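One structure is given below, encoded as structure tokens.
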Amino acid sequence: MTGFDLTELLAERGGERYALHTRHLNHQLPRMLHTIGFDKVYERAEGAYFWDADGQDYLDMLAGFGVMGLGRHHPVVRQALHDVLDAQLADLTRFDCQPLPGLLAEKLLSHTPHLDRVFFGNSGTEAVETALKFARYATGRPRILYCTHAFHGLTTGSLSVNGEDGFRDGFAPLLPDTAVELGDLAALERELKRGDVAGFVVEPIQGKGVHPAPPGFLRAAQELLHRHKALLIADEVQTGLGRTGDFFAYQHEDGVEPDLVCVAKALSGGYVPVGATLGKDWIFKKVYSSMDRVLVHSASFGANAQAMAAGLAVLSVLEDEKLVVGARRTGELLRSRLAELIPRYELLHDVRGRGLMIGIEFGRPKSLGLRSRWTMLQTARKGLFAQMVVVPLLQRHRILTQVSGDHLEVIKLIPPLIIGEREVARFVEAFTAVMDDAHGGGGLMWDFGRTLVKQAVANR
């Protein structure tokens with residue numbers, strides 16, 4: 001018997017969490033959390049809530065950047081993982097065909113019947129890397145088109161199709177890919193005419209800023225791509241598995257049938273990292289064209305039993321609890337309740353999104369007093385006002401949210417799909433209180449804004 005006791009270890013050293021990160025991991029993370037007052041100590045979590053040591057609950061409107069689609073510690077997923085561990089399967093032998101990957105592939109493909117095969121990896125960025133490789137090999141062309149402001153991951157290939165310079169800076173040279181604006185069909189066609197484009201990777205709803213593709217864009221882009229013998233790659237890593245009120249976000253638009261679809265995040269159930277690339281039969285057969293090429297693209301931990309069991313459990317829960325329809329209904333309620341506040345607050349400019357992926361955008365006010373304060377923040381660093389809203393939502397109202405990208409005055413809401421009217425009411429009430437404070441022109445919120453300005457200036 002080993003002397004390792006996880007419960008004892010956490011009891012003895014759990015209080016060192018921030019110090020350990022400062023010493024041994026990304027030292028800027030605890031620094032950032034301390035600066036904005038997010039250095040909380042959460043003791044446990046369940047569903048859409050966290051609890052601290054004092055027993056206070058916190059509403060999660062972030063869902064681990066979309067990973068916790070079912071909320072935390074869903075009993076069906078937990079049981080599936082207990083079962084697969086107790087089964088003591090002969091997993092990852094590398095020279096057999098276990099049933100769980102085939103069953104999960106079958107279930108995923110049932111939601112997108114125009115696709116035929118699946119490759120399982122370990123993350124969203126790996127799913128995108130797979131799609132990039134497959135598109136290049138299947139078409140024999142080198143170049144991938146992507147959208148400005150896109151986010152597809154941070155490994156080198158995925159970074160090459162990342163539309164945010166802040167992530168790309170210092171990591172060149174990257175792959176020779178080209179950005180176009182979301183919705184700009186003329187730019188897309190101009191690049192396609194050069195004859196070297198393998199595919200176009202696109203988020204049906206961009207995570208940065210929460211910008212849905214314009215109506216008709218995906219269908220028109222697909223027609224252009226196929227006319228020029230290039231592939232449409234849908235990145236559904238964050239938008240897939242019911243997030244937007246359909247199983248996949250591209251399904252909001254009739255006639256759109258991507259050649260490759262990337263999924264991850266919520267497929268994990270919040271437990272075991274997993275990514276998947278779904279594609280057409282001819283693409284897979286081109287890549288795996290002979291027995292000599294059987295391992296030409298693979299992943300050491302891909303299709304492991306724990307990840308496959310979690311994925312199967314997630315898909316079962318989505319169906320049994322009707323969470324896709326629920327996301328559409330609850331998202332519409334939340335979005336409409338927030339949109340009703342736009343005439344009331346001059347700092348609130350837009351509420352957009354689909355299902356439970358919602359962007360709240362702030363903008364320049366008209367009144368002189370608010371405008372001077374807004375200008376102060378914008379001069380120091382764009383995005384500070386949105387951060388001013390996020391912080392009191394957590395500190396005063398115990399609601400966790402995020403700013404939707406650097407230098408953006410947008411808050412993104414991507415809560416677990418299990419939330420309902422109670423959580424909608426709690427968020428709207430808290431958001432209203434924060435906006436009342438902001439429009440009051442004084443108080444702690446603007447004091448914190450001045451602190452953020454000083455921090456932004458110091459970081460230059």
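As the structure is a prediction and not an experimental result, all values here were calculated from the model.
For H152 and T125, the side-chain atoms include no donor-acceptor pair closer than 3.5 Å. There is no side-chain donor-acceptor pair under 3.5 Å between H149 and E203.
Remark: the backbone N or O of L312 is not paired with any side-chain donor or acceptor of S316 at under 3.5 angstrom. Judged purely by atom type and a 3.5 angstrom limit, T155 has no side-chain atom pairing as donor or acceptor with the backbone of G157. Using a distance-only test at 3.5 Å, with no hydrogens or angles considered, a donor-acceptor pair links the side chain of S160 to the main chain of L175. Looking at Q206, its side chain does come within 3.5 Å of a backbone N or O of T148 through a donor-acceptor pair. Panel note: side chain D54, backbone Q56; no donor-acceptor pair is recorded below 3.5 Å. Of the possible donor and acceptor atoms, none in the side chain of T330 sits under 3.5 Å from a partner among the backbone N and O of A327. With hydrogens and angles disregarded, no donor-acceptor distance shorter than 3.5 Å links the side chain of R337 to the backbone of V428. Under the 3.5 Å distance criterion, the side-chain polar atoms of R243 are matched with a main-chain donor or acceptor of P415. Panel note: side chain R72, backbone A45; no donor-acceptor pair is recorded below 3.5 Å. Remark: side-chain polar atoms of R94 are paired, donor with acceptor, to backbone N or O of S300 under 3.5 angstrom.
Around atom CZ of F65, no more than 12 heavy atoms belonging to other residues, nucleotides or ligands sit under 6.0 Å away. Within a 6.0 Å radius of CD in Q88, other residues, nucleotides and ligands contribute 12 heavy atoms or fewer. Heavy atoms from other residues, nucleotides or ligands lying under 6.0 Å from OH of Y42 number more than 12. Other residues, nucleotides and ligands contribute over 12 non-hydrogen atoms within 6.0 Å of the CD atom of E223.
The shortest heavy-atom contact between A276 and A127 is O-CB, 3.6 Å. Heavy atoms only, all atoms of each residue included: V256 and R219 are closest at CG2-N, 3.7 Å. Residue Y18 comes nearest to L33 through the heavy atom pair CE2-CD1, 3.8 Å, listed as atom of the first residue, atom of the second, then distance. Listed here is the closest heavy atom pair of L185 and A220: CD1-CB, 3.6 Å. Contact detail for A135 and I233: the closest heavy-atom pair is CB-CD1, 4.0 Å. Smallest separation of non-hydrogen atoms from E409 and A386: OE1-N, 2.8 Å.
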L413 and F427: side chain to side chain contact (heavy atoms under 4.5 Å, CB included), yes or no, with the steps? CA-CA 10 Å; L413 305 180; F427 180 82; 3.7 Å; yes
Between E16 and H21, does a side chain to side chain donor-acceptor pair (under 3.5 Å) hold up when you go through it step by step? CA-CA 9 Å; E16 301 176 42; H21 275 257; over 6 Å; no
Residues I36, Q387; criterion side chain to side chain contact (heavy atoms under 4.5 Å, CB included); working and verdict: CA-CA 8 Å; I36 65 174; Q387 193 65 60; 3.8 Å; yes
Dump the intermediate steps for salt bridge (Lys or Arg N to Asp or Glu O under 4.0 Å) on R44 and D52, then the final yes or no. CA-CA 7 Å; R44 66 183 184 90; D52 63 19; over 6 Å; no
Does F200 form a side chain to side chain contact (heavy atoms under 4.5 Å, CB included) with I144? I'd like the steps, not just the answer. CA-CA 6 Å; F200 174 47; I144 301 289; over 6 Å; no
Do Q98 and D96 pass the side chain to side chain donor-acceptor pair (under 3.5 Å) test, and can you show the C-alpha distance, the side-chain angles, and the key distance before you say yes or no? CA-CA 6 Å; Q98 288 290 314; D96 75 342; 2.7 Å; yes
I'd like to know whether I419 forms a side chain to side chain contact (heavy atoms under 4.5 Å, CB included) with L356, so could you lay out the CA-CA distance, the side-chain angles of the two residues, the decisive distance to 0.1 Å, and finally the verdict. CA-CA 9 Å; I419 70 164; L356 284 171; 4.0 Å; yes
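Residues satisfying the side-chain hydrogen bond (donor to acceptor under 3.5 Å, both in side chains) criterion with R335, sequence neighbours excluded, are E332. Take R328 and apply the side-chain contact (heavy atoms from CB on, under 4.5 Å) test, not counting sequence neighbours, and it matches D246.
Two residues are said to be in side-chain contact when any heavy atoms from C-beta on lie closer than 4.5 Å; L318 and F247 meet this criterion. Counting heavy atoms from C-beta on, the side chains of L29 and H34 never come closer than 4.5 Å. The shortest distance between side-chain heavy atoms of I418 and L323 falls below 4.5 Å. Between I399 and L394, every side-chain heavy-atom pair lies at or beyond the 4.5 Å cut-off. Contact of the Q238 side chain with the K412 side chain is registered, since non-hydrogen atoms from C-beta on lie closer than 4.5 Å. Here the side chains of T277 and V118 are not in contact, with every heavy-atom distance at 4.5 Å or above. Side-chain contact between Y58 and K40 is present, with heavy atoms from C-beta onward closer than 4.5 Å. In this structure the side chain of L241 reaches within 4.5 angstrom of the side chain of V314, judged on heavy atoms.
With respect to E129 and K133, no salt bridge is recorded, no charged nitrogen being found less than 4.0 Å from a carboxylate O. A salt bridge between R143 and E191 is present, with a side-chain N of the basic residue lying under 4.0 Å from a carboxylate O of the acidic one. Checked for salt-bridge contact, D281 and K286 miss the test: no charged N lies under 4.0 Å from a carboxylate O. Of the charged side-chain nitrogens involved, at least one lies within less than 4.0 Å of a carboxylate oxygen, so that R352 and E361 count as a salt-bridged pair. Looking at R426 and E429, no side-chain N of the basic residue comes within less than 4.0 Å of a carboxylate O on the acidic one, giving no salt bridge. Between R398 and D57 there is a salt bridge, since at least one side-chain N of the basic residue sits less than 4.0 Å from a carboxylate O of the acidic one. K107 has a carboxylate O that lies under 4.0 Å from a charged side-chain N of E319, or vice versa, which qualifies the two as a salt bridge. Look at K280 and D259 and you find a salt bridge, because one of the NZ, NE, NH1 or NH2 atoms lies within 4.0 Å of a carboxylate O, short of that distance.
Residues F167 and F151 bring their aromatic ring centres within 6.0 Å. Ring centroid separation for the pair F431 and H397 does not come in under the 6.0 Å cut-off. For F119 and H297, the distance between ring centers is under 6.0 angstrom.
The structure places CG of L59 at 11.0 Å from CG of L62, a figure rounded to the nearest 0.5 Å. The line from CZ of R381 to NE2 of H407 is 4.0 Å long, rounded to the nearest 0.5 Å. With rounding to the nearest 0.5 Å, the separation of CE in M308 from CD in Q306 is 10.0 Å. We find the CG-CD1 distance between D350 and I360 to be 10.5 Å, quoted to the nearest 0.5 Å.
Figure legend: R293 and Y137 shown as a cation-pi pair, the cationic atom lying under 6.0 angstrom from the six-membered ring centre and within 45 degrees of its axis.
Using a 30° and 60° split on the angle between ring planes, F248 and Y250 fall in the parallel class, below 30°.
Within the structure, every pair that satisfies the side-chain hydrogen bond (donor to acceptor under 3.5 Å, both in side chains) test and touches residues 416-425, not counting sequence neighbours, is listed here: Y49-R422, Y49-E423.
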